[in-house]
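Just so it is clear: chains get the letters A, B, ... in the order the sequence lines come, proteins before strands, and each one is counted from 1. Computed from heavy atoms alone, side chains included, the values below leave out hydrogens, waters and symmetry copies.
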There are 2 protein chains.
Amino acid sequence: MSQQIPAPLDELREKIDNLDSQLIELLAQRLSLVAEVGEVKSTSGIPIYAPEREISLLAKRREEADKAGVGGDLIEDILRRLMRESYHREKDTGFKCLNPELGRVVIIGGAGKLGKIFKKMFLLSGYQVDILEKNDWDKAPSLFKNAGLVVLSVPINITSQIADKLTNLPSDCLLVDLTSTKEKPLNAMLAAHSGPVLGLHPMFGPDIISLAKQVIIYCHGRDAKKYQWLLDQITIWGAKLTMAEPTGHDHAMTLVQAMRHFTTFVYGQHLATENPDMKQLLDFSSPIYRLELAMTGRLFAQDPTLYADIIFSSTSMKEMLSRYLLCFEKASQLIISNDRDGFIEHFNEIAQWFGDSSQQFLIESRNLLMQANDSRQF
Amino acid sequence: MSQQIPAPLDELREKIDNLDSQLIELLAQRLSLVAEVGEVKSTSGIPIYAPEREISLLAKRREEADKAGVGGDLIEDILRRLMRESYHREKDTGFKCLNPELGRVVIIGGAGKLGKIFKKMFLLSGYQVDILEKNDWDKAPSLFKNAGLVVLSVPINITSQIADKLTNLPSDCLLVDLTSTKEKPLNAMLAAHSGPVLGLHPMFGPDIISLAKQVIIYCHGRDAKKYQWLLDQITIWGAKLTMAEPTGHDHAMTLVQAMRHFTTFVYGQHLATENPDMKQLLDFSSPIYRLELAMTGRLFAQDPTLYADIIFSSTSMKEMLSRYLLCFEKASQLIISNDRDGFIEHFNEIAQWFGDSSQQFLIESRNLLMQANDSRQF
């Protein structure tokens, strides 16, 4: 088959290259405008994530693009990618400080990955931040003396015992934790400290670049009006706040986190046991399976203690495990007994449970799988 | 917190809107140039997916973008998205026909989702295509008489029995199947037909828009030189061909397809059993869990028989299931006995098996999770 490049193709590609250079020029201008937007927002304390603005902007451009024969999805994908870049850059311009009268911010475990993120956000917002680590508890009394906010950012399994130590905070000092369970830490904080208490659970990993569009769940502790400023500050950072009641939160997290990570762990363990050739596995991968491999592999590139803490701190995990095992054995039985009809019957029942959301998920995942394939190289 | 929009912000947003209109203009020009490229390629038979061109183009633009302060990742993501659009459009311009002397193409099951895709590709490449469905086997003899290529695109569980019927094809007619297992169908085709035989396994779902960058596994049957034209034709369509040996292929697919779909099935069944509130589940979702939900939900938006066929046709599935169950029970034991150290120990063993690929998967998935978050709306 002829692989020779005909002359007209070279000319066309040259034209495309020139257009791409203009494209870069345009993007540079847009990013500098966005940087100015960041300045204005940070001085006037406007959240960097503006949903309504996004929606109206995208709707207008989609219409315009359709008229120009560009395609709405194309322009939406490109603009969303540009918005992400903008969020990542806006954050560097700093944020308005909503509580300048607050004393110092003390982050216990502030040298950890999650603690570092919050340290940075507080510093970018003009707060004074101190870090307290395992080995300098002797400094604790002096640091706490001037603290307006103490943030607990330590592994789940020691959160409560650290909280127990916090009995001498200033009475108006706000005490906050970032633990991925909420009931126990909140009770420990409320018992140790008589002042305002708030529970936060950031629903993102330590590898995020901006808080824009990231979810943070919060559970009320004590004196809500005394920490409203912090919730507003977090909104300015671009995060989406979701209120939850501690017990309900912890139960949901058994499913959303503990069970999810556990099944990924088992899937990885099974892979390692089967020991297939990774190169062949990738050669044979559909976009879906490659995504599966990536999502499994990413777990094992990270800190095992992090996942151990999430899984072992979940109170209702053992019960859920046995229920999951039942599902697995029920399904296996269908295979062992060659019950194809039974499989289809169960399949349809589950599809009914998903209802309309399965269609929505199909569209959502198709778009993602196309994006995954975009960056595929051979 | 003040949500009022200060005047300077409005002005800046107006400037951004104007830039975005220029952007759309630029994209329109680029797409029309790409359409011309498509014309040239289709007439001269150049594959629509040109890896070297992609790599060199992206490298140049990354460098240019870095100089302009735009950021290499940003321009690469945008250009990759543009390339996808281009592939999707190039396909409509048609493809060079590499075997104009070939008789008619008969697709058995050509009205099915996968059959339709290949029917379209053959038509776009100037071949004459006939469809043969269950109810018109009386037409079969006349259709086969002039057939240069017969494509088997029927459910796995009946592929072999249909193949057995194909004993009267012209001796030089090429017989090809699209089944996701390869050993049995190939043997059946080789037994029924004395002419050239080829086994294909397209590694993509029926919801793809273009074959560009999609993987198609092929297994040699008989008279390789008589079907080289078809492999070349598929390359022109933009797909990536990977050669496999039937038994090895089928064994790998138990892991890549059957087991993957089965675990997703179980995960969905468990969700339906736990019956959480979907709205709350989404509110509480980290980007990772939302992706998990989407990948699980998408399964149940599709045809159960498709997945039943893949799972139940896999020969070594039962053995693998029992090995998987062992992994699951071993891991559960760690939880039940609160063996946190044992969990971490196993975790590190699995991480060792993944080796460097886990880091690569971490980067790959991080990028995907950011893309998933881009389209998130609150």
Side-chain angles (χ1 to χ4, degrees), chain A residues 1 6 8-9 12 16 19 24 27-28 30 33 37 40 65 68 70 74 77 80-81 84-85 203 213 232 240 242 252 256 266 268-270 272 283-284 286 289 294 297-298 300-301 304 308 312 321 324 327-328 331-332 340 343-344 347 350-351 353-354 358-359 361-362 364-365 371 374 378, chain B residues 1 8-9 12 16 19 24 27-28 30 33 37 40 44 65 68 70 74 77 80-81 84-85 203 232 240 242 252 256 266 268-270 272 283-284 286 289 294 297-298 300-301 304 308 312 321 324 327-328 331-332 340 343-344 347 350-351 353-354 358-359 361-362 364-365 371 374 376 378:
Chain A
M1 160 183 54
L9 191 53
L12 286 168
I16 291 175
L19 274 187
I24 291 174
L27 297 179
R30 196 186 196 278
L33 282 174
V37 170
V40 178
V70 169
L74 175 62
D77 286 348
R80 285 194 182 283
R81 179 59 183 87
R84 185 210 304 171
E85 196 76 8
M203 297 300 296
K213 292 185 163 194
D232 295 340
K240 164 71 162 53
T242 308
V256 172
V266 172
Q269 189 169 40
H270 175 246
D283 287 346
F284 285 1
S286 61
Y289 191 71
R298 81 170 265 122
F300 296 100
F312 284 88
L321 261 181
Y324 190 96
C327 285
F328 190 92
S332 309
R340 187 173 179 277
F343 175 87
I344 291 172
F347 190 104
I350 301 164
W353 180 80
F354 273 96
S358 68
Q359 271 303 329
F361 286 142
L362 184 64
E364 197 174 311
S365 56
Q371 284 170 321
D374 288 347
F378 296 118
Chain B
M1 161 181 52
L9 192 52
L12 287 167
I16 291 174
L19 274 187
I24 291 174
L27 296 178
R30 195 186 197 277
L33 282 174
V37 169
V40 179
S44 41
V70 169
L74 175 62
D77 287 347
R80 285 194 181 282
R81 179 61 183 86
R84 184 210 305 172
E85 197 75 9
M203 297 300 295
D232 295 341
K240 163 73 163 50
T242 307
V256 172
V266 173
Q269 189 169 39
H270 176 246
D283 286 346
F284 285 1
S286 61
Y289 191 70
R298 83 173 261 120
F300 297 98
F312 284 89
L321 260 181
Y324 190 97
C327 284
F328 190 93
S332 308
R340 187 173 179 276
F343 175 87
I344 291 172
F347 190 104
I350 302 162
W353 180 80
F354 273 97
S358 69
Q359 271 303 329
F361 285 142
L362 184 64
E364 197 175 311
S365 56
Q371 285 171 321
D374 288 346
R376 193 163 189 163
F378 296 118

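Here the shortest heavy-atom pairing between A:Val70 and B:Glu85 reads O-OE2, 3.9 Å. Between A:Gly297 and B:Phe354, the shortest heavy-atom distance links the atoms CA-CE2, 3.7 Å. In terms of heavy atoms, A:Phe347 sits closest to B:Pro304 at CD2-CB, 3.4 Å.
A 4.5 Å side-chain heavy-atom check between A:Arg84 and B:Gln371 finds at least one atom pair inside the cut-off.
Aromatic pair B:Phe328/A:Tyr324: centroids less than 6.0 angstrom apart.
The residue among B:Gln359, B:Met203, B:His270 with the most heavy atom pairs within less than 4.5 Å of chain A is B:His270. Chain B forms more heavy-atom pairs under 4.5 Å with one residue of A:Val40, A:Asp283, A:Val256, A:Leu27 than with any other, namely A:Val256. Heavy-atom pairs under 4.5 Å with chain B peak, among A:Val266, A:Ile344, A:Ile350, at A:Ile350. The candidate with the highest count of non-hydrogen atom pairs below 4.5 Å against chain B, out of A:Ala68, A:Ala252, A:Pro8, A:Ala301, is A:Ala301.
Atom CG of B:Leu19 and atom CZ of A:Arg30 lie 7.5 Å apart (nearest 0.5 Å). Atom CZ of A:Phe300 sits about 12.0 Å away from atom CZ of B:Phe361, to the nearest 0.5 Å.
Contacts of A:Glu364 with chain B are made by side-chain atoms alone, with heavy-atom separations under 4.5 Å and no backbone atom involved. In this structure, chain B has a heavy atom under 4.5 Å from the side chain of A:Thr242, while its backbone stays farther away.
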